[in-house]
Amino acid sequence: MLELPLVLLLLLVTALLLRMDIVFYIVYVLAGTYALARWWTARNLPRLRVTRRFTDHIFTGERTTVEIRLENRSWWPIPWLRYEETPPGNLGASGPLREAITLRPREQVRLNYELVGQQRGYYQIGPGMLSTGDLFGFAEAAGAFNERTPLVVYPRVIPLSRANLASRAPYGTIKSRQQIFSDPTRITGVRPYQAGDPLRNVDWKSSARAGALQVKKYDPAVSLTSVIFLDLNGENYSRHLRGMASEWGIVVAASLASHLTVEQRQVVGLASNGLDAPSGVRCWTIPPRPGRTHLRKLLEWLARVQLAETTPLAEWLPTATADLPWGTTVIALTPSGDEAICAALHRLRRAGLNPVLMVTEPYARFGIVRERSRQLGIAAYQVASEMELKRWQDVRVH
């Protein structure tokens with residue numbers, strides 16, 4: 001109330017001219033109340049502690065409750081406090097949080113609102129706006145809770161019964177139909193010793209019981225070290241399918257990463273020529289690692305990545321795969337299997353890698369792409385929808 005000092009001044013002049021005690025009393029009371037209100041209100045927000053808590057990593061379609069804690073650390077009450085916070089609109093929340101409360105000395109109040117992960121992405125929750133004042137409306141103060149808390153909405157993950165991927169490396173943990181390699185970590189029994197068997201394969205305890213040398217039998221297996229290359233160069237996508245096809249490619253990448261890491265317990269990496277929104281990095285690579293912790297990292301980067309005008313995948317592949325070990329499966333998720341992509345994957349095959357082409361955009365003449373890839377020794381699949389993804393799983397790989 002900016003006009004109150006003027007009113008007090010007029011009352012004081014009137015009291016001096018008329019020498020009326022009642023007017024002096026009114027001036028003293030109003031002036032004291034005004035000074036106390038200003039002093040009190042100015043100390044409300046600095047003594048207020050605000051914290052925000054919620055589950056900061058969720059999957060698409062999941063919900064999380066944001067809890068705002070307001071704690072009055074002062075010995076003075078806060079007559080009224082208004083808190084406002086507006087979440088990102090595409091999180092499907094019920095609306096902005098707007099609450100007015102009263103806080104007693106040392107009291108803590110919790111406010112809640114709900115977020116729905118309708119779309120994968122990397123979001124910033126906050127800031128919150130604060131305002132307070134006295135009971136008489138003599139003074140008001142405004143501030144902000146400027147802390148921004150990130151929320152990661154993972155992309156949708158489609159359960160896969162199996163992934164038709166093979167490797168050219170001789171050792172690993174997935175059973176193989178090729179009988180020329182064996183995995184020393186998968187013992188299936190023993191057999192009598194034959195000339196030429198290495199001594200390190202002798203099972204000495206079984207040999208002692210049988211009275212003759214016995215050799216461990218191993219399960220044939222292949223190693224499935226895979227790196228998923230997700231093509232998010234906007235120029236490669238059809239204009240009318242750009243948004244839908246790129247998001248579908250991210251879903252396929254997340255589903256493959258989850259299946260290979262969790263179900264097959266394999267070593268998986270991720271790379272993309274898309275834009276990582278928080279860091280601004282383009283053309284990034286996450287080296288292959290095993291385990292669920294690493295999977296969460298892959299899914300978080302898939303939540304953050306955005307379609308961008310960047311280096312074409314065919315040009316970037318030679319550099320991005322230069323340090324991969326022999327036999328690594330390179331899964332190229334791209335909207336189309338053009339000649340440049342096929343040529344780049346063929347060079348990877350000649351270098352000892354195992355390239356797999358997966359086309360994520362509907363293409364009526366995919367048979368041409370598949371035949372061209374076959375001639376170059378590359379497995380090619382079209383997975384432009386959930387139905388085609390399921391059909392791809394049902395294809396037997398020999």
Side-chain angles (χ1 to χ4, degrees), residues 59-61 89-92 117-123 153-160 163-164 228-259 270-277 282-284 298-299 301-317 320 330-345 355-373 378-395:
F59 280 93
T60 301
N90 54 356
L91 287 182
Q118 291 187 343
Q119 182 179 352
R120 65 102 196 168
Y122 182 86
Y123 303 93
V153 180
Y154 293 134
R156 185 164 65 101
V157 175
I158 300 174
L160 303 179
N164 288 321
I228 302 168
F229 281 83
L230 177 61
D231 187 0
L232 286 179
N233 179 24
E235 295 181 353
N236 287 349
Y237 287 83
S238 302
R239 186 174 301 274
H240 64 290
L241 295 174
R242 182 171 297 181
M244 181 181 65
S246 60
E247 288 298 317
W248 171 246
I250 292 172
V251 170
V252 175
S255 303
L256 283 172
S258 177
H259 174 77
L270 178 67
S272 177
N273 55 353
L275 170 67
D276 177 51
R282 300 167 187 257
C283 297
W284 45 268
L298 301 186
L299 293 178
W301 279 74
L302 286 173
R304 294 159 40 161
V305 70
Q306 301 293 331
L307 193 69
E309 304 300 323
T310 182
T311 306
L313 183 62
E315 297 180 11
W316 181 53
L317 269 176
V330 175
I331 307 171
L333 296 176
T334 180
S336 64
D338 56 24
E339 294 184 9
I341 286 289
C342 290
L345 295 178
V356 177
L357 175 63
M358 300 185 73
V359 176
T360 58
E361 191 173 285
Y363 183 48
R365 303 178 66 186
F366 176 73
I368 299 176
V369 176
R370 183 165 48 209
E371 179 60 25
R372 179 169 58 220
S373 301
I378 304 167
Y381 307 96
Q382 186 174 30
V383 288
S385 65
E386 286 195 46
M387 183 178 298
E388 290 182 342
L389 185 62
K390 183 179 184 305
R391 190 183 304 129
W392 166 70
Q393 295 180 75
D394 294 336
V395 176

Exercise for the section: Run through D338, N233, I341, L317 and flag the one making a side-chain contact (heavy atoms from CB on, under 4.5 Å) with P312. Expected result: N233
Completion exercise
Note: L232 and N273 closest approach over all heavy atoms is N-OD1, 2.7 Å
Exercise for the section: Measure the CG-CD distance between D276 and Q306 for me, rounded to the nearest 0.5 Å. Expected result: 9.0 Å
Practice task
Kindly determine whether E361 and R242 satisfy salt bridge (charged side-chain N to carboxylate O under 4.0 Å, His left out), including the steps that lead there.
Solution key: CA-CA 9 Å; E361 191 173 285; R242 182 171 297 181; over 6 Å; no
Exercise for the section: Calculate, to the nearest 0.5 Å, the distance between atoms CD1 and CZ belonging to I378 and R370 respectively. Expected result: 14.5 Å
Exercise for the section: Can you measure from CZ (R304) to OG (S272) and round to the nearest 0.5 angstrom? Expected result: 12.0 Å
Fill in the blank from the handout: The reported gap from CZ in R156 to CD1 in I158 (rounded to nearest 0.5 angstrom) is 4.5 Å
Practice task
Compare all side-chain heavy atoms of F366 with those of V359 and state whether any distance is below 4.5 angstrom.
Solution key: yes
Completion exercise
Taking every heavy atom of P335 against every heavy atom of N236, the minimum-distance pair comes out as CG-O, 3.4 Å
Problem - S258 side-chain N/O to S255 backbone N/O, donor-acceptor pair under 3.5 Å - result: no
Practice task
Check for a donor-acceptor pair, side chain of R120 on one end and backbone N or O of L302 on the other, with a separation under 3.5 Å.
Solution key: yes
Practice task
Verify the distance criterion only: is there a donor paired with an acceptor across the side chains of Q119 and T60 at less than 3.5 Å?
Solution key: no
Practice task
Would you please name every residue forming a ring pair (Phe, Tyr, Trp, His ring centres under 6.0 Å) with W248, sequence neighbours left out?
Solution key: none
Problem - Heavy-atom pair with the smallest gap, counting every atom of L256 and L333 - result: CD1-CD2, 4.4 Å
Completion exercise
Between the CD atom in E247 and the CD1 atom in I250, the distance rounded to the nearest 0.5 Å is 4.5 Å
Exercise for the section: Please identify each residue that fulfils ring pair (Phe, Tyr, Trp, His ring centres under 6.0 Å) with Y237, with sequence neighbours left out. Expected result: none
Exercise for the section: Would you name the heavy atoms of A308 and L275 that are closest together and state the gap between them? Expected result: CB-CB, 3.8 Å
Exercise for the section: May I ask you to say whether R282 pairs ionically with E309, meaning some side-chain N is under 4.0 Å from a carboxylate O? Expected result: no
Problem - Exercise: identify the closest heavy-atom pair between R372 and G337 - result: NH2-O, 2.6 Å
Exercise for the section: Please state whether the rings of W316 and F229 are parallel, tilted or perpendicular, taking 30° and 60° as the class boundaries. Expected result: perpendicular
Problem - Exam field: side chain S373 to backbone V369, donor-acceptor pair closer than 3.5 Å - result: yes
Fill in the blank from the handout: For E388, the side chain to side chain contact (heavy atoms under 4.5 Å, CB included) test, sequence neighbours excluded, returns Q382, A384, S385, R391
Practice task
Under the side-chain contact (heavy atoms from CB on, under 4.5 Å) rule, what do Y123 and V153 come out as? Steps first, then yes or no, please.
Solution key: CA-CA 8 Å; Y123 303 93; V153 180; 3.7 Å; yes
Exercise for the section: Identify the two heavy atoms, one from P155 and one from L299, that lie closest to each other, and give their separation to 0.1 Å. Expected result: CD-O, 3.6 Å
Completion exercise
Rounding to 0.5 Å, atoms OH (Y122) and CH2 (W301) come to a distance of 11.0 Å
Practice task
Take T360 and D231, measure what side-chain contact (heavy atoms from CB on, under 4.5 Å) needs, and give me the verdict at the end.
Solution key: CA-CA 10 Å; T360 58; D231 187 0; over 6 Å; no
